[in-house]
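We use all heavy atoms of the structure for the numbers below, so side chains are in, but hydrogens, waters and symmetry mates are not. Each chain gets a letter, A, B and so on, in the order its sequence line appears, and its residues count up from 1.
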There are 2 protein chains.
Amino acid sequence: MENTPVRKPQVIIVGAGFGGLEAAKKLGNEPVRVTVLDRTNHHLFQPLLYQIATAALSPADIAAPVRGILSKFSNIEVLLAEVKSINVAAKTLSIGDQEIAYDYLILATGSRHSYFGHDEWEKLAPGLKSLEDAVEIRRRLLLAFEYAEKVTDPAAKAAAMTFVIIGGGPTGVEMAGAIAEIARYTLAKDFRHIDPSNARVVLVEGDQRVLSGFPEDLSASAMKQLKDLGVEVRTGIHAKNLTEAGLDVGDEFIPCRVKIWAAGNAASFVGKTMGVPVDKVGRVIVNEDLTIPGHPEVQVIGDLANFTHQTGKPLPGVSPVAMQQGRHAAHNILAMIDGRKPQRFRYWDKGSMATIGRNKAVADLNFLHLSGLPAWIVWLFIHVIFLVGFRNRVAVLMQWAWAYFTFNKGARLITRNFQAETRPLT
Amino acid sequence: MENTPVRKPQVIIVGAGFGGLEAAKKLGNEPVRVTVLDRTNHHLFQPLLYQIATAALSPADIAAPVRGILSKFSNIEVLLAEVKSINVAAKTLSIGDQEIAYDYLILATGSRHSYFGHDEWEKLAPGLKSLEDAVEIRRRLLLAFEYAEKVTDPAAKAAAMTFVIIGGGPTGVEMAGAIAEIARYTLAKDFRHIDPSNARVVLVEGDQRVLSGFPEDLSASAMKQLKDLGVEVRTGIHAKNLTEAGLDVGDEFIPCRVKIWAAGNAASFVGKTMGVPVDKVGRVIVNEDLTIPGHPEVQVIGDLANFTHQTGKPLPGVSPVAMQQGRHAAHNILAMIDGRKPQRFRYWDKGSMATIGRNKAVADLNFLHLSGLPAWIVWLFIHVIFLVGFRNRVAVLMQWAWAYFTFNKGARLITRNFQAETRPLT
């Protein structure tokens with residue numbers, strides 16, 4: 001206890017995603033004052049966001065209030081605020097109307113989608129990062145079927161029943177599979193003038209294979225499983241242009257009302273405000289102990305960090321990396337307070353997985369590659385176990401069980417005014 | 001079968017609330033073609049809407065897609081559309097870009113809140129009729145606590161922690177009780193600079209008692225139960241003016257950031273487009289068989305109908321009235337198709353109830369008046385039994401059980417941008 005100063009050091013954690021939350025929990029009840037800043041009031045279990053977008057789950061099933069999660073730690077306070085910039089020399093950050101001082105900073109503001117310079121595409125093809133994104137995509141999906149039911153022109157009907165997902169990474173694969181399932185099973189009997197099971201789901205990927213971060217055998221298996229669900233997988237094809245009417249891939253125009261963007265990420269802008277080197281997608285290039293050059297009191301973790309010291313390539317933007325880095329950053333701070341040096345970070349890669357649909361998934365457990373039902377069961381257990389909060393876990397399990405046995409999805413709600421979206425495209 | 005014409009009669013039901021949905025179900029698989037029009041894609045269990053507004057339940061728990069509910073009836077189709085006007089002479093209705101013809105019409109478009117000529121108050125004090133309303137109120141409630149935590153000025157802090165509900169009917173009583181509970185129990189440990197259990201909840205009612213539709217002993221009991229929860233009940237007081245800064249009740253100004261409107265209803269505008277007599281809140285004055293003068297093929301039910309033939313007063317705007325009228329209207333149509341006359345409607349009043357909080361409620365079962373725990377248990381069972389859809393029923397029960405034993409409410413999500421609402425009032 002003799003090392004504990006009278007005024008406890010102030011730690012600020014920006015971002016209550018997987019990384020920030022792990023760091024906060026590790027610092028709970030330690031001899032530091034902690035402030036967690038986030039621009040939303042909830043922690044989001046992002047890996048299941050596509051299930052909101054496809055009406056299987058409700059927002060509250062995969063999101064929990066940050067205050068509630070951390071309320072048991074009396075040394076932690078939570079502030080709903082958006083960080084505008086960081087002044088590493090002064091050790092302060094700006095939240096617009098206020099400057100806040102820190103002794104130690106953990107920056108975990110994550111990433112948004114990137115449209116590769118075509119920001120005008122965002123409105124036409126929303127991405128999937130926040131609850132608002134997911135509810136917006138759900139709304140577009142459901143309204144497209146409503147429009148198809150109502151419209152008489154066959155070309156307009158066909159375009160309304162064509163769903164294009166741009167990007168064949170895990171999010172794109174999950175969305176494509178889930179849309180195919182909702183059309184073929186959930187909505188099958190709901191309409192009188194269209195047959196939703198005829199919906200055309202197209203997955204467009206620039207690379208030669210989907211899930212290019214996975215081993216080749218699993219990519220091939222995912223491709224086959226998608227095709228079994230009726231998804232058209234188009235690899236080696238790039239989006240040349242996007243319009244309300246559809247997607248231009250160069251030698252072909254695919255007419256479609258609903259387009260979903262799953263193609264690229266860019267790091268949060270906050271990293272760039274520090275004046276330290278960032279990579280071309282805006283990630284902060286961190287030292288091997290997660291600190292930034294010249295400022296051991298500042299650590300950057302998760303999707304915002306470019307950490308290359310282990311494999312020579314940046315670690316992927318997945319939750320296990322963020323969580324391990326979050327815990328590590330917290331340990332580093334406690335070490336520095338004790339007068340010790342921050343330690344270098346090592347990522348323990350337990351594998352990765354992606355789900356495609358009912359009984360369909362791929363899992364790369366490093367020592368073992370799984371496909372189909374076994375992969376799906378592994379996926380199911382891991383995702384339920386890691387869901388934050390007991391209530392959510394039970395609620396999600398129940399809804400999955402219900403959906404599994406009845407092919408029914410309960411959250412098929414369209415909220416807000418529908419008028420604009422059920423008009424013909426201009 | 002000899003009475004069934006070759007071309008089956010076309011029935012149009014406008015509105016998929018309690019009344020419209022009951023009518024549709026009764027006409028399922030009967031020798032008629034049915035089209036159900038609604039401007040949302042879901043049926044809403046309105047009596048539990050205040051639980052969305054107070055973060056106990058999620059929208060999907062109390063709403064179910066109309067298509068899904070009616071998909072088993074092949075003679076029923078569902079159309080997402082908003083009726084603009086009705087031409088009773090031509091037997092058509094307009095949905096904006098299209099005219100639709102009917103042989104029989106059931107009009108069940110319900111009511112919205114009324115601001116008694118002060119439409120500018122709607123933005124300041126939202127009412128509670130739709131899912132959007134409920135999510136907006138939830139957002140304002142949660143953001144008020146966030147603002148109170150952040151602001152240093154004591155007057156601003158106090159105003160942010162004062163919640164005024166205008167109107168002491170069932171909705172106002174339920175909201176006041178639920179807000180008091182969330183402040184005293186759910187949020188109690190979530191903040192560091194405020195004590196949410198000090199929140200001031202004020203229920204303002206123009207009449208001399210709350211729940212004026214209930215017997216006097218139950219009004220008195222509700223008043224006492226509200227006071228036990230710490231709610232300030234102010235009766236015999238009218239809203240003179242509303243501003244961002246608070247509520248003016250004549251001799252007093254109550255500074256408050258969040259105001260909720262539960263004071264008045266006005267019937268949907270659709271009734272007025274028919275050119276038949278309406279009452280001063282826009283309800284259509286119906287014959288004793290629910291038809292309108294001169295047009296036995298048109299029936300009006302639920303909150304949109306003014307039915308005085310039983311007690312001399314209009315029947316109340318509650319779901320049992322709407323449901324019984326919906327079934328009756330369907331029977332009338334089948335009778336008319338068979339060449340018989342529509343029958344007069346009789347409401348079977350099984351009583352009414354309102355809930356105030358955990359173990360707190362009042363129930364008027366006509367032969368018996370209940371208060372407190374017994375009333376609350378009756379309320380609980382009735383509401384779970386009548387929830388539409390098995391999945392919702394189980395999900396709601398589980399969430400209630402969880403909330404009951406842990407005092408925790410899971411749906412404390414703020415969605416959309418929070419910036420505007422966490423700024424000082426101007």
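- A/Leu142 touches chain B through its side chain: at least one heavy atom from C-beta onward sits under 4.5 Å away, while N, CA, C and O do not.
- Atom CZ of B/Arg192 sits about 10.5 Å away from atom OG1 of A/Thr35, to the nearest 0.5 Å.
- A donor-acceptor pair is defined here as one N or O able to donate and one able to accept, closer than 3.5 Å; no such pair exists between the side chain of B/Arg67 and the backbone of A/Phe191.
- Of all heavy-atom pairs between B/Leu80 and A/Glu146, the closest is CB-OE1, 3.5 Å.
- Of the atoms belonging to A/Glu149, it is side-chain heavy atoms, and not backbone ones, that fall under 4.5 Å from chain B.
- Heavy atoms closer than 4.5 Å to chain B are found in the backbone of A/Ser74, but not in its side chain.
- Contact of A/Phe145 with chain B is not made at all, since no heavy-atom distance falls under 4.5 Å.
- Taking 4.5 Å as the limit, every side-chain heavy atom of A/Val78 sits out of range of all side-chain heavy atoms of B/Asp190.
- The most heavy-atom pairs under 4.5 Å with chain A, out of B/Leu57, B/Leu70, B/Ile76, B/Val66, come from B/Ile76.
- A 6.0 Å sphere centred on NZ of B/Lys189 holds no more than 12 heavy atoms belonging to other residues, nucleotides or ligands.
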